[in-house]
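Everything on this sheet refers to the single structure shown next.
By convention in this document, chain letters (A, B, ...) are assigned in the order of the sequence lines, proteins followed by strands, and residues within each chain are numbered from 1.
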There are 2 protein chains.
Amino acid sequence: MKSAVEPLKARRIYLLLRDRIVAGELPPGGRLPGEPALATEHAVSRVTVRRALDLLEKEGLVQRKAGSGTFVHDTRAVRPIVADLSNVLSHLIDMGRSTDVKLLSFGYGIPPESIAESLGLKPGERVQRSVRVRLIDGEPFSYLTTHVPEWIGLTYSEAELAARPLLELIERSGVTTERATQAINATLAGPEAAAALDLEIGSPLLTLTRIVYEPSGRGVEHLHALYRPDRYSFHMDLVRTGNDGERRWSPALGWPRTTEKAERKKADKSKTDKSKLGEKPTRSTRAIKQRS
Amino acid sequence: MKSAVEPLKARRIYLLLRDRIVAGELPPGGRLPGEPALATEHAVSRVTVRRALDLLEKEGLVQRKAGSGTFVHDTRAVRPIVADLSNVLSHLIDMGRSTDVKLLSFGYGIPPESIAESLGLKPGERVQRSVRVRLIDGEPFSYLTTHVPEWIGLTYSEAELAARPLLELIERSGVTTERATQAINATLAGPEAAAALDLEIGSPLLTLTRIVYEPSGRGVEHLHALYRPDRYSFHMDLVRTGNDGERRWSPALGWPRTTEKAERKKADKSKTDKSKLGEKPTRSTRAIKQRS
DNA sequence: CAAAGCTGTATTATCCATCATACAGGTTCC
DNA sequence: GGAACCTGTATGATGGATAATACAGCTTTG
């Protein structure tokens with residue numbers, strides 16, 4: 001008799017309350033039901049409820065006051081870094097935030113078949129594979145695995161890859177990059193990505209898979225990116241296009257990024273709010289675990 | 001002494017192997033290390049390794065042969081439904097697949113503050129809130145929560161909402177929808193969404209938050225969508241634009257969706273593979289729990 | 001102040017995931 | 001055939017998550 005892999009009850013309640021809070025069912029600043037009430041309501045013990053509340057508190061979603069109750073933290077939810085759909089980070093630098101890159105792995109070899117296929121390589125053709133982590137203000141937010149055909153990869157050094165954008169190096173080699181396709185999806189963090197991004201195993205991640213082609217149609221870069229959703233997300237402005245029968249949304253290209261300044265303000269604000277709390281709770285998760 | 005919330009070891013190994021397989025480190029069709037080898041390698045018992053392999057097998061990533069070994073399933077990874085970034089499903093219908101909508105909840109009330117703010121409502125202004133699930137070929141793939149100002153929501157009935165696209169109803173009411181902003185992110189499935197999407201609690205989900213504005217700048221729709229990543233993902237074609245100093249990717253609007261037919265074939269194939277597996281085990285978790 | 005409610009903390013018992021081990025049966029290879 | 005693998009299955013032991021309970025200390029309310 002195989003028992004179902006039941007997620008820990010504390011986690012179940014944590015996710016339930018988290019959804020209620022971010023959905024706004026529990027008004028910000030309001031008190032949520034007492035621990036005994038929650039325990040009976042969800043048919044678990046109070047200890048388990050406390051575990052769930054511990055997680056919520058660590059994420060800054062609630063604030064507990066001994067003798068009084070547990071309250072929904074009324075500061076705006078922490079906004080992730082904003083990236084437009086073309087995945088450009090330049091405006092972050094404009095905002096005076098420092099980005100950095102750590103090169104975790106670098107080497108040449110035969111690529112997995114799925115990547116060879118998407119790059120249009122001949123069987124046995126070699127590629128350069130690299131794994132990098134991007135940091136903003138010292139905190140990791142993306143985990144990038146790239147595969148580039150060997151004849152391109154050889155035109156730059158390992159040190160250059162660690163210092164400059166990969167696409168810039170590819171274009172410097174004489175290749176013109178014209179077209180690309182990308183897909184955005186979600187997955188769970190495995191052990192390596194979790195360690196690199198300073199997350200728990202099993203945390204949710206945004207994924208971006210992009211293949212860049214040169215005009216002839218050959219692939220020149222295969223990028224697989226994992227993003228921390230609390231520090232990164234894709235934003236875009238849309239306009240309604242098409243005639244009456246077939247109306248749809250299209251990305252606003254005119255670059256009327258009217259929200260840009262507003263987003264920037266929000267980001268700054270949330271940042272200060274957060275530091276006001278003292279310790280950044282997300283960050284210390286692992287450390288706390290170690291100590292106890 | 002608070003014990004560390006260690007993710008289940010079976011899950012840890014499952015994620016590790018999953019990453020290795022999808023990254024292609026283990027060649028498709030190849031045999032992965034035997035269960036005893038994996039057990040000693042990761043310092044767990046063989047029972048735990050088997051749990052991880054059970055999960056991988058259930059997802060169709062590996063195939064086990066008694067007496068022989070466990071092999072990476074060489075069918076192409078299951079491709080999710082493709083949606084372009086404007087999130088249009090019309091081409092799915094063109095492809096002869098049936099979509100359906102289930103209305104889970106419908107009502108009026110005061111919205112949470114974050115939604116009221118993003119819609120630009122006055123304090124106390126009421127909204128219509130609805131929760132819907134979208135199915136494709138009978139399988140749920142998205143969980144949609146929408147908030148619409150009351151004066152718009154009153155122009156259509158509950159039955160109409162269950163039958164027609166919300167945006168169509170909004171436009172029918174005389175409102176012109178011009179602009180929208182959206183953000184794509186990732187999160188974990190809470191109990192309600194997990195049940196509606198036929199998933200385990202804690203599964204990864206793609207999120208899309210879109211706010212639609214009328215020309216005056218007032219918000220007319222707040223959409224929060226959760227997507228099953230194995231059944232849905234965002235695809236887009238990009239072209240390189242801008243002059244030399246400031247080059248970036250922009251979405252290709254010309255609609256040269258050359259991959260469309262290929263994707264369709266893949267999707268159909270994966271579907272048959274899946275039904276071949278017989279019972280879907282994910283669903284029965286809750287029932288099992290009740291009994292014990 | 002006193003009562004009622006809340007969070008913080010500790011204790012003991014139970015249940016389930018994991019471990020270590022053993023054995024049965026299939027496959028591969030010599 | 002037989003040795004050396006492999007997966008499938010069952011066993012009892014162990015540790016951690018959870019349950020049930022009790023109590024201390026704080027806050028709010030009357």
For atom [atom1] of [X] and atom [atom2] of [N], their distance in whole Å:
X: A:Arg64; N: D:dC26; atom1: CZ; atom2: C1'; result: 15 Å
X: B:Ile13; N: C:dA17; atom1: CD1; atom2: P; result: 16 Å
X: A:His42; N: D:dT18; atom1: NE2; atom2: P; result: 15 Å
X: B:Leu55; N: C:dA17; atom1: CG; atom2: P; result: 13 Å
X: B:Gln63; N: D:dC6; atom1: CD; atom2: P; result: 18 Å
X: B:Glu35; N: D:dT7; atom1: CD; atom2: C1'; result: 6 Å
X: B:Arg11; N: C:dA17; atom1: CZ; atom2: P; result: 14 Å
X: B:Leu53; N: D:dC6; atom1: CG; atom2: P; result: 13 Å

Can you tell me if the side-chain N/O atoms of A:Lys9 get under 4.0 Å from OP1 or OP2 in C:dC16?
-> no

Under-4.0 Å side-chain N/O to phosphate OP1/OP2 contact, B:Arg50 with D:dT7 = no

Looking at [options], which one has an atom nearest to any side-chain atom of [X]?
X: A:Arg31; options: C:dT18, C:dC6, D:dG8; value: C:dC6
X: A:Val47; options: C:dA20, D:dA20, C:dA17; value: D:dA20
X: B:Ser68; options: C:dT18, C:dT27, D:dT7; value: C:dT27
X: A:Thr48; options: C:dC19, D:dT18, D:dG8; value: D:dT18
X: B:Ala66; options: D:dA19, C:dT18, D:dT7; value: D:dT7
X: A:Ala10; options: D:dT18, D:dT7, C:dT18; value: D:dT18

Using the six-membered ring wherever Trp is involved, compare the ring planes of B:His222 and B:His147 and label them parallel, tilted or perpendicular (cut-offs 30° and 60°).
->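 Ring orientation of B:His222 relative to B:His147: perpendicular.
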
Could you tell me whether B:Arg64 and B:Glu35 make a salt bridge, using a distance below 4.0 angstrom between a side-chain N and a carboxylate O?
-> yes

From the list A:Leu104, A:Leu199, A:Thr207, side-chain contact (heavy atoms from CB on, under 4.5 Å) with A:Tyr143 holds only for A:Leu104

Considering all heavy atoms, the nearest B:Ser45-B:Ala39 contact = C-CB, 3.9 Å

Minimum heavy-atom distance B:Leu206-A:Ile184, with the two atoms named | CD1-O, 3.7 Å

Quick one: on DNA chain D, does A:Ala43 or A:Arg46 contact a more 5' nucleotide (nearest heavy atom)?
->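 Its nucleotide being nearer the 5' end, the pick is A:Ala43.
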
